[in-house]
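These notes are about the structure you will find just below.
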Number of protein chains: 2
Amino acid sequence: MVTNLADAQEGTAKSRRHTGVTAVIEASGACDAVTDMLSRVGDKWSMQVVMKLGEKSRRFNELRRAVEGISQRMLTRTLRNLERDGLISRTVTPTVPPRVDYALTPLGHSLWGPVMRLSTWVLENRSEIEASRSAYDTREI
Amino acid sequence: MVTNLADAQEGTAKSRRHTGVTAVIEASGACDAVTDMLSRVGDKWSMQVVMKLGEKSRRFNELRRAVEGISQRMLTRTLRNLERDGLISRTVTPTVPPRVDYALTPLGHSLWGPVMRLSTWVLENRSEIEASRSAYDTREI
DNA sequence: CTGTATCCGTGGTGATACTG
DNA sequence: CAGTATCACCACGGATACAG
């Protein structure tokens with residue numbers, strides 16, 4: 001019996017509320033799509049994997065060591081999600097032991113620019129953010 | 001008795017793993033900070049609130065109606081997090097009934113650009129992403 | 001009007017063990 | 001080597017009720 005739905009859905013499609021609506025590219029209708037991809041970008045490991053693959057194509061365990069801190073399970077899930085979105089490609093060489101190479105697709109590469117802008121913003125402003133957090137946390141001890 | 005830790009922590013500081021390390025702005029050390037802010041940006045409501053406040057300053061319920069779909073609880077939590085990060089300001093006018101105005105800070109405004117680049121990317125590429133997802137989901141029925 | 005308190009389901013994440 | 005299976009923890013988000 002299945003007690004954990006999250007695990008049961010593992011192999012299936014990720015169901016982040018697709019609107020299905022292709023019309024209305026106007027700010028309101030597309031908001032779902034933007035929020036949706038923002039959470040892909042914002043999840044714990046996706047961008048770290050994309051960054052590492054941005055440098056060069058890598059194999060599974062190579063990536064596992066490169067990302068540091070990621071579990072095998074999470075690496076697999078992250079890779080599958082990115083693959084599903086068309087951001088990375090997965091190439092299997094059926095030898096023994098098997099060899100699987102992951103690489104950024106052109107779409108994946110094109111995401112790199114916008115993400116870097118955001119990263120740059122964070123780097124430039126993180127001391128201000130840290131300061132704000134400290135101030136917020138320490139007032140009214 | 002407290003049975004739900006998440007709720008118990010509600011009033012306290014958000015503990016998204018601060019490294020505390022202010023050194024090493026090099027790509028590796030700052031990765032945590034970037035991932036951290038990426039998840040703020042990627043959470044379900046933050047950017048929608050920032051967008052709405054980008055248009056103009058708003059009051060609590062005004063915002064509640066503007067965002068659409070957000071619960072009172074989530075709006076409060078989102079606003080508190082954004083305030084803690086220094087992205088929005090909260091101004092209380094102690095009348096009865098109380099009036100609270102929220103507005104973007106300069107820091108909040110500066111985030112708007114990078115986020116828009118990413119949003120634009122999503123809008124430009126979302127059909128390709130949708131197509132990739134469909135292809136992924138329908139193969140090997 | 002602007003919140004807080006409480007309860008609860010769902011799902012994201014990690015640890016560990018196992019497989020081809 | 002590159003995964004899958006299983007279990008368990010707890011954070012996220014919604015519903016509802018209550019308060020200043």
Side-chain angles (χ1 to χ4, degrees), chain A residues 1-17 35-36 38-46 48-49 57-83 88 90-102, chain B residues 1-17 35-36 38-46 48-49 58-81 83 88 90-102:
Chain A
M1 174 197 173
V2 175
T3 53
N4 188 325
L5 246 180
D7 281 339
Q9 288 178 344
E10 297 247 90
T12 78
K14 201 162 186 181
S15 64
R16 292 171 178 273
R17 54 195 173 288
T35 298
D36 182 77
L38 240 32
S39 55
R40 167 68 25 92
V41 161
D43 77 10
K44 196 172 182 183
W45 303 108
S46 289
Q48 297 196 55
V49 168
S57 166
R58 289 174 198 261
R59 298 179 58 180
F60 187 87
N61 276 345
E62 207 179 339
L63 212 41
R64 182 157 162 49
R65 284 186 296 272
V67 172
E68 184 158 18
I70 194 170
S71 67
Q72 195 172 36
R73 171 189 163 86
M74 278 306 110
L75 180 54
T76 302
R77 290 184 55 145
T78 302
L79 289 169
R80 291 293 175 281
N81 285 333
L82 292 172
E83 188 193 359
I88 66 174
R90 179 172 179 271
T91 312
V92 183
T93 309
T95 54
V96 278
R99 174 197 179 95
V100 183
D101 289 276
Y102 292 94
Chain B
M1 173 199 172
V2 175
T3 54
N4 189 325
L5 243 184
D7 281 338
Q9 287 178 344
E10 297 247 269
T12 77
K14 202 163 186 182
S15 63
R16 292 172 177 274
R17 53 190 176 293
T35 298
D36 182 77
L38 240 32
S39 55
R40 168 70 22 91
V41 161
D43 78 10
K44 196 172 180 182
W45 303 109
S46 289
Q48 297 196 56
V49 168
R58 290 173 197 261
R59 297 179 58 182
F60 188 87
N61 275 347
E62 206 179 338
L63 212 41
R64 183 157 162 48
R65 285 186 296 273
V67 171
E68 185 157 21
I70 194 169
S71 67
Q72 196 172 37
R73 170 191 163 84
M74 279 304 109
L75 180 53
T76 303
R77 290 183 54 145
T78 301
L79 289 169
R80 290 294 173 280
N81 284 333
E83 188 194 0
I88 65 173
R90 178 172 180 271
T91 313
V92 183
T93 311
T95 54
V96 279
R99 175 197 178 95
V100 182
D101 288 277
Y102 291 95

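Note on naming: letters A, B, ... go to the chains in the order of the sequence lines (proteins, then strands), and numbering restarts at 1 for each one.
- Atom C1' of nucleotide D:dC1 and atom CG of A:Leu79 are separated by 14 Å, given to the nearest angstrom.
- Distance B:Arg99 CZ to C:dG3 P: 13 Å, rounded to the nearest Å.
- Taking side-chain N and O atoms only, A:Tyr102 has a distance below 4.0 Å to OP1 or OP2 of D:dG3.
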Problem set entry | Per-nucleotide protein contact string for nucleotides 15-20 of chain D, where B marks a base within reach and S marks sugar-phosphate only (heavy atoms under 4.0 Å, - for neither) | B-B--B
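- Atom P of nucleotide C:dT13 and atom CD of A:Gln48 are separated by 12 Å, given to the nearest angstrom.
- Residues B:Thr35 and A:Gln48 come closest through the heavy atom pair OG1-NE2, 3.5 Å.
- To the nearest 0.5 Å, the span separating CG on B:Asp36 from NZ on A:Lys44 amounts to 11.0 Å.
- Note that the CE atom of B:Met74 and the CZ atom of B:Arg64 stand 12.0 Å from one another [nearest 0.5 Å].
- Atom CG of B:Leu75 is separated from atom C1' of C:dC1 by 13 Å (rounded to the nearest Å).
- Across all strands, B:Arg64 comes closer than 4.0 Å to no nucleic acid atom at all (heavy-atom distances).
- For A:Arg77, whose side chain is taken as the heavy atoms from C-beta onward, the closest listed nucleotide among C:dG12, D:dG14, C:dT2 is C:dG12.
- Backbone-only contact: B:Arg59 has heavy atoms under 4.0 Å from sugar-phosphate atoms and none from a base.
- Distance, B:Met74 CE to C:dG3 P: 15 Å, rounded to whole Å.
- In this structure, A:Glu83 atom CD and D:dG3 atom P are separated by 9 Å, rounded to whole Å.
- Taking the side chain as every heavy atom from C-beta outward, A:Val100 and A:Thr91 never approach each other to under 4.5 Å.
- Residue B:Tyr102 holds its OH atom at 4.5 Å from CZ of B:Arg90, rounded to the nearest 0.5 Å.
- Taking CZ of B:Arg77 as the reference point, atom CG of B:Asn81 lies at 7.0 Å (rounded to 0.5 Å).
- The backbone N or O of A:Pro97 lies less than 3.5 Å from a partner atom in the side chain of A:Thr95, making a donor-acceptor pair.
- Put simply, CZ on B:Arg58 is 13 Å from P on C:dT2, counting in whole angstrom units.
- B:Asn61 places a side-chain heavy atom less than 4.5 Å from the side chain of B:Arg65.
- Direction of the helix axis in the helix from C:dC1-D:dG20 to C:dG20-D:dC1 shifts by 40° between the two five-pair termini, rounded to 10°.
- The main-chain N or O of B:Asp43 is never found under 3.5 Å from a side-chain atom of B:Ser46 such that the two would form a donor-acceptor pair.
- Between B:Arg90 and the phosphate of C:dG3, there is a side-chain N or O to OP1/OP2 separation shorter than 4.0 Å.
- Within the nucleic acid shown, B:Asn61 comes within 4.0 Å of at least one base atom, counting heavy atoms only.
- Nucleotide C:dG12 holds its P atom 14 Å from the CG atom of B:Asp43, rounded to whole Å.
- In this structure, the nucleotide among D:dT4, C:dG14, C:dG3 sitting nearest to the side chain of A:Thr76 is D:dT4.
- Interatomic distance, A:Ile88 CD1 to A:Arg80 CZ, rounded to the nearest 0.5 Å: 8.0 Å.
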